[in-house]
Amino acid sequence: LQYLSSKSQKMELFMKSSSLWGLEIYLFCFFIVLSNINKVFASHNIFLDLQSSSAISVKNVHRTGFHFQPPKYWINDPNAPMYYNGVYHLFYQYNPKGSVWGNIVWAHSVSKDLINWIHLEPAIYPSKKFDKYGAWSGSATILPNNKPVILYTGVVDSHDSQVQNYAIPANLSDPFLRKWIKPNNNPLIVPDNSINKTKFRDPTTAWMGQDGLWRIVIGSMKKHRGMALLYRSRDFIKWAKAQHPLHSSPHTGNWECPDFFPVSLKNTNGLDASYRGKNVKHVLKNSLDVNRFDYYTIGMYDTKKDRYIPDNNSIDGSKGLRLDYGNFYASKSFYDPMNNRRIVWGWTNESDVLPDDEIKKGWAGIQAIPRKVWLDPSGKQLIQWPIEELETLRKQKIQLNNKKLSKGEMFEVEGISASQADIEVSFSFSSLNKAEQFDPKWADLYAQDVCAIKGSTIQGGLGPFGLATLASKNLEEYTPVFFRVFKAQKNYKVLMCSDARRSTMRQNEAMYKPSFAGYVDVDLVDMKKLSLRSLIDNSVVESFGAGGKTCIISRVYPTLAIHNNAHLFVFNNGSETITIETLNAWSMDVPKN
């Protein structure tokens, strides 16, 4: 690592873009209102004439290398990840005929390490009256005697009326469980008249209570109230709806892809869904149909009343905690008994918006890197970190220690492939005195809106500092991932941004290029340090702040900063000098899929 001889010119170029950002800032909130938030708003856009349009060839310019995606075509929700007899299984929503949503089946891939995958034939196709119009998301449960079962949502008519079905392996001796059977006693659960039949989907992994009854949650909505409907069964076949939902919340819209699981108060180990020991809290995650983001609360599960009560500081809805503050939806977790951990998968769709783009390149959608998830020692939030198996893909490494960055300085990280890399960096600073005042008017704004106002080129006090990823040589394109520290009335607020607004030179007014952001809950008074890890993968920048307290994944489509023409910079645009205590960066290999 070294300073570029033209580093001052680089920073000047980096700063010049700010003169054009004033207009972007004023238009940003208007853009967010009009945009379709992650391209898919409220339900999947349907292009009947394009659902079976296949590309002549698959284009690899922005195709990822170490993130999960099938060889071609559209994918969305990770349905039912599970570990069974030494093999990891990932089922996911897939269009086998084209690169837009439609013709959905349950695709199936298997792995020994969650990194290298074998793609199998789809496990479930719509084929019977109980799923003729769709086989949608669900979950897997391992029953006693080590028997896996899938619960999934079937669509039974052209009005999207939904029921819950099950499927079982055809041959348990097959190590890959290639074939699945949908028994004729489906559907298992039909909505009663109190339920909106078109908002009744995505059953969770089942858990067993002390009374020997199985329980599942199904996402739903009644009027404006999001609901986690609770069902019980003794034999996993006959299910009865509880008189009350496990949990519900007003003004949150339809709840999709619910996930309910225990977390330990003592350590980072994962727990099986049916764990009934002491020193646990529970997590309820819901994917909000209204804005296409994943939110969660932490609280207590009253097993006697079968109710979940969020902690007082845990808020339902769009003002609550998010698993990821970027392009991340329909997540699903599972317990990995081999490594005693809970792992969460999440879908990351495309942001180039136009269906023609997806058809031309021959693919659409990826899964975020699987993450180990556990409870922060504070008990107030979850921590997420890429699974350790990802480190087996690390190749060339460069390292830097104790490098100071004064105001306006930046340097290039050289010696690795900047288009596919894993970077871990620890920043420190000697004082908080230069932190900017947090404008009280921002209190009602989302972090993303504040990032739009205070972008990476807006000079500050303590920050902005961080990485300029997928950057072109002269910074015509770049996606900055950075921190900015504010002084609020009672504490300091740390803003973490992954800003895609300068990510591409491509002229496409419909392209979704948000300034994704979240706040990082850290105490900087005693420990004046912030850490950042970013996984860069051609069209993905997946970042973890403060050891995984805040996660942001962005999809970007550079035209200049591709493959060997991509660059990586570290910058400081604040008046407080920043020290890079350690920086480790690796080129990343491609799995053998």
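As the structure is a prediction and not an experimental result, all values here were calculated from the model.
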[X] and [Y] ion-paired at < 4.0 Å:
{"X": "D259", "Y": "K332", "answer": "no"}
{"X": "D311", "Y": "K281", "answer": "yes"}
{"X": "K528", "Y": "E576", "answer": "no"}

Flag yes if more than 12 heavy atoms outside Q437 fall under 6.0 Å of its CD atom; otherwise flag no.
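Yes, enclosed.
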Salt bridge (charged side-chain N to carboxylate O under 4.0 Å, His left out) between E256 and R292, worked out:
CA-CA 9 Å; E256 293 190 310; R292 312 301 285 187; 3.2 Å; yes
Give every residue pair that meets the ring pair (Phe, Tyr, Trp, His ring centres under 6.0 Å) criterion with at least one member in residues 517-554, sequence neighbours excluded.
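Ring pair (Phe, Tyr, Trp, His ring centres under 6.0 Å) check on residues 517-554 returns W385-F544.
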Kindly say whether F328 contributes a backbone atom to a donor-acceptor pair with the side chain of R322 at under 3.5 angstrom?
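Checked: no pair found.
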Ignoring hydrogens and geometry, is there a side-chain-to-backbone donor-acceptor pair from S539 to H62 under 3.5 Å?
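Yes, because the side chain of S539 sits within donor-acceptor range (under 3.5 Å) of the backbone of H62.
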Using the side chain to side chain donor-acceptor pair (under 3.5 Å) rule, take W74 and N76 through it: C-alpha gap first, then chi angles, then the decisive distance, then the call.
CA-CA 7 Å; W74 167 280; N76 53 286; 2.7 Å; yes
Which residues share a ring pair (Phe, Tyr, Trp, His ring centres under 6.0 Å) with F482, sequence neighbours left out
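Applying ring pair (Phe, Tyr, Trp, His ring centres under 6.0 Å) to F482 gives none.
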Can you list the residues that meet the ring pair (Phe, Tyr, Trp, His ring centres under 6.0 Å) rule with Y296, with sequence neighbours excluded?
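None.
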Anything under 30° is parallel, anything over 60° is perpendicular, the rest tilted; go ahead and classify H251 against H224.
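If you compare the ring of H251 with that of H224, the planes turn out parallel.
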